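Report on one structure; see the data block that follows.
The structure presented is a predicted model; accordingly, all values stated were derived computationally and were not measured. Here is the naming used below: chain letters follow the sequence lines, and residue numbers restart at 1 for every chain.
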Amino acid sequence: MIQTVLDMTVMWLGIYAVLGAVFAVYFVLFGARHLDPGHEHSSLLARAILTPGLIALWPYLLVRFAVGAKFTG
Amino acid sequence: MAATYKAVTWNRHKIVYDAIVLLGISAFVGGYMALAPMIAPQAANTSPEVMLISALGACAFFMLHVVLAIGPLARLSPAFLPLLYNRRHLGVMLFLVALAHAAIAIVWYHGFSVVNPILSIFLNAGDYQGIGGFPFEVLGAFALTILFLMAATSHDFWLNNLSPAIWKLLHMSVYVAYAALIGHVLLGAARESGDPGLSAWITLTGFAIIAGLQIAAGVAAWRADIASDRAVREGWLDVGPALEIPDTRARIVSPPGGEKIAVFRYDGKLSAVSNVCRHQMGPLGEGKVVDGCITCPWHGWQYKPDTGKSPPPYLETVVTYQTRILDGRVFVDPKARTRDNPATPTAIGEV
């Protein structure tokens, strides 16, 4: 029982991470400037360094994209 | 500031700070591996891999104590402010050391079976039936997850987009990670050696130091607040003698129920602004006036003392408060001025 629960948990975490990685690629290459004007002229490295957080917190940022939220400083 | 994000905002101080931390990590790990067999006889027969796991874990735990101590130390004495400036870098390096510890431990202890190594941590480590048998690895994994989230969000982008309140809440979870790591260290030492002994003493001493510093900083802040309450006269706050405020520095006062106010002395005059930096809520009053601008000690954000506005092209503003001098003592009106109607500086020497 415990092993089954753990197997499922690891599987879903893996799916979550893969989806996060896909989101991170989109964000780093195209989406950053749409969410935060601070990335209007930022370097690829400045966006790429956010990747671990993007993979961990991608649902939150996806919602912000969906509602058109934008940090204005 | 509303400027372009950078990967890392390098400057000479940050490079020196990081170099010192890297040297310190190397010295700690090397020293631990060399000295542990001499101090703890049971370590003499330990394999180099296990010794490295232990050294990295001890180093990460020590770094966490340093990170937790920096805040209260900086509040107790300005001499510790340089340690506060790049605490973000120290935190990220702490996570990387902890990650190395965890990765090597997982491979060494769980990497050579048919079971998924990650699953093995939860399945094969203990019986969950009581405190003594509780799998310490699970506590370590929990703490590592918190440290990862903190390291991953250690960038201005996350501060701005998570909101300062949520970001602050996330980073306050370092204390939850600390509690989990105390359990991880004590239970791990008990499991490995049967007698936590030295590990328990070191861990509890570290906890006592951190708790003592937090209490001391809290008492100091409480006393300062009490003194400010007593000093209210005619609705204005008594800041103290004007000439006792060091040039280019500030004195911080706490209005009852309000945000702290920093009263700066510069160019023969006084200006009062909110003590809270618009960047990461750093304590402006612990900074200094550099090139005519109040400079936050945490990350160098600047504001003109007479208007509260950041120098062009930046747009951030902190509120200002009107000051006056009576009988050589400075008083500040705790009602903030609007951004369109900032307070006028008070020349020292006016009565």
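Atoms CD1 and OH, on I49(A) and Y5(B) in that order, are 13.5 Å from each other to the nearest 0.5 Å. Within the model, atoms OG of S42(A) and NZ of K6(B) stand 12.0 Å from one another, a figure rounded to the nearest 0.5 Å. If you take CH2 on W158(B) and OH on Y60(A), they are separated by 9.0 Å, rounding to the nearest 0.5 Å.
Only the side chain of L57(A) comes within less than 4.5 Å of a heavy atom in chain B; its backbone stays farther off. In this structure, chain B has a heavy atom under 4.5 Å from the side chain of L61(A), while its backbone stays farther away.
Around the NZ atom of K14(B), the shell of radius 6.0 Å holds more than 12 heavy atoms that belong to other residues, nucleotides or ligands. Applying the 6.0 Å contact sphere to CZ of F62(B) captures no more than 12 heavy atoms from other residues, nucleotides or ligands. The number of heavy atoms from other shown groups lying within 6.0 Å of CG (N341(B)) is above 12. For M11(A), the CE atom sits in a packed shell: over 12 heavy atoms of surrounding residues, nucleotides or ligands are nearer than 6.0 Å. Residue Y17(B) places its OH atom among more than 12 non-hydrogen atoms of other residues, nucleotides or ligands, all under 6.0 Å distant.
Between H39(A) and F157(B), the ring-plane angle classifies as tilted under the 30° and 60° cut-offs.
Looking at N161(B) and D36(A), their side chains do bring a donor and an acceptor atom within 3.5 Å of each other.
Of the listed residues (L162(B), D156(B), V8(B)), the one with the most heavy-atom contacts under 4.5 Å to chain A is L162(B).
Closest non-hydrogen pair, A46(A) versus A7(B), comes out as CB-N, 3.5 Å.
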